[in-house]
Amino acid sequence: MTDYDDVVEDVAADLRRAVGSLKQRYGVAPWRIVVDPGIGFAKTFDQNVTLLRRLADLKAEVPLEGAGLLVGHSRKGFIGHVLQRDRRTDDTIPAHQRDVATAGACAAIVPAADIVRVHNVRAARDALALAD
């Protein structure tokens, strides 16, 4: 499931097919479509980080034409690994303690993401207001 040649190009190709199918086969207007690159699903730690870092590239590869790009990175396991306090163990930060990092990531991805899905709305809103 994590066997990608280039995670950004491969995910972009999947999203292009999905958007094209919705528009052509079912006549769905682009403004009714929201695409999600699946951060945290069937991807390794490095692939998740690469997708977040290259969201603008991903968005440029998918002809959204009014569709939105949603990023649901809130409290994901890879954030816990980034925040791992003791590198000698596999202990990661528990999900409920990842909200500040999630908010920081929101601020970083703002230029590319149209929608962010978070657990702690207040922290994310504050980070986004500061980034904006």
Side-chain angles (χ1 to χ4, degrees):
M1 299 269 298
T2 62
D3 188 26
Y4 297 99
D5 291 325
D6 178 311
V7 69
V8 174
E9 289 180 16
D10 293 350
V11 169
D14 288 343
L15 294 176
R16 268 194 308 274
R17 280 191 292 277
V19 169
S21 177
L22 287 170
K23 288 175 13 184
Q24 292 171 356
R25 181 182 276 177
Y26 301 106
V28 177
W31 60 270
R32 292 181 173 260
I33 300 171
V34 175
V35 297
D36 181 347
I39 301 291
F41 294 96
K43 292 168 191 69
T44 65
F45 168 81
D46 289 334
Q47 290 167 340
N48 285 308
V49 171
T50 297
L51 270 176
L52 280 180
R53 287 182 177 160
R54 294 185 52 205
L55 272 181
D57 296 337
L58 175 75
K59 193 171 184 177
E61 290 289 324
V62 181
L64 295 177
E65 300 170 3
L69 175 63
L70 176 140
V71 178
H73 62 290
S74 183
R75 295 185 179 173
K76 297 287 183 170
F78 78 94
I79 291 176
H81 288 288
V82 169
L83 300 177
Q84 189 175 348
R85 292 202 172 104
D86 186 348
R87 299 283 181 200
R88 295 168 294 176
T89 70
D90 283 337
D91 294 338
T92 63
I93 303 302
H96 69 280
Q97 294 179 12
R98 299 177 193 158
D99 289 336
V100 171
T102 294
C106 282
I109 64 176
V110 146
D114 300 303
I115 304 164
V116 291
R117 188 202 51 79
V118 298
H119 290 86
N120 185 329
V121 175
R122 178 174 288 148
R125 182 194 64 215
D126 291 348
L128 292 170
L130 185 61
D132 195 26

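As the structure is a computational prediction, the values presented were derived from the model and not from experiment.
- When the salt bridge (Lys or Arg N to Asp or Glu O under 4.0 Å) test is applied to Asp126, no partner is found at least two apart in sequence or on another chain.
- Asp46 pairs by the side chain to side chain donor-acceptor pair (under 3.5 Å) definition with nothing, not counting sequence neighbours.
- Closest approach of Leu69 to Ala112, counting heavy atoms only: CD2-O, 3.6 Å.
- Taken to the nearest 0.5 Å, the CD1 atom of Ile39 stands 4.0 Å off from the CG atom of Leu52.
- Within the hydrophobic cluster formed by Ile, Leu, Val, Met, Phe, Trp and Tyr side chains joined at under 4.5 Å, directly or through other members, Phe41 stands alone, with no partner residue.
- Sequence neighbours left out, the pairs with a member in residues 23-34 that pass salt bridge (Lys or Arg N to Asp or Glu O under 4.0 Å) are Lys23-Glu65.
- Each salt bridge (Lys or Arg N to Asp or Glu O under 4.0 Å) pair with one or both residues in residues 8-19, not counting sequence neighbours, appears once here: Asp14-Arg17, Arg16-Glu61.
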- Going through the checks in order, is the side chain to side chain contact (heavy atoms under 4.5 Å, CB included) test met by Val11 and Tyr4? CA-CA 9 Å; Val11 169; Tyr4 297 99; 4.3 Å; yes

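- When the side chain to side chain donor-acceptor pair (under 3.5 Å) test is applied to Asp6, no partner is found at least two apart in sequence or on another chain.
- Put simply, Trp31 and Leu15 are part of two different groups of oily side chains (I, L, V, M, F, W, Y) that touch within less than 4.5 Å, one to the next.
- Heavy-atom minimum distance, Asn48 versus Gly38: OD1-O, 4.5 Å.
- Among all heavy-atom pairs drawn from Ala67 and Asp114, the shortest one is O-OD2, 4.1 Å.
- For Lys43, there are no salt bridge (Lys or Arg N to Asp or Glu O under 4.0 Å) partners two or more places apart in sequence or in a different chain.
- For the atom pair Thr50 OG1 and Leu55 CG, the distance stands at 11.0 Å (nearest 0.5 Å).
- Cluster partners of Ile115 are Val34, Leu70, counting Ile, Leu, Val, Met, Phe, Trp and Tyr whose side-chain heavy atoms approach within less than 4.5 Å, directly or via other members.
- Every residue was checked against the salt bridge (Lys or Arg N to Asp or Glu O under 4.0 Å) condition with Asp36, not counting sequence neighbours, and none meets it.
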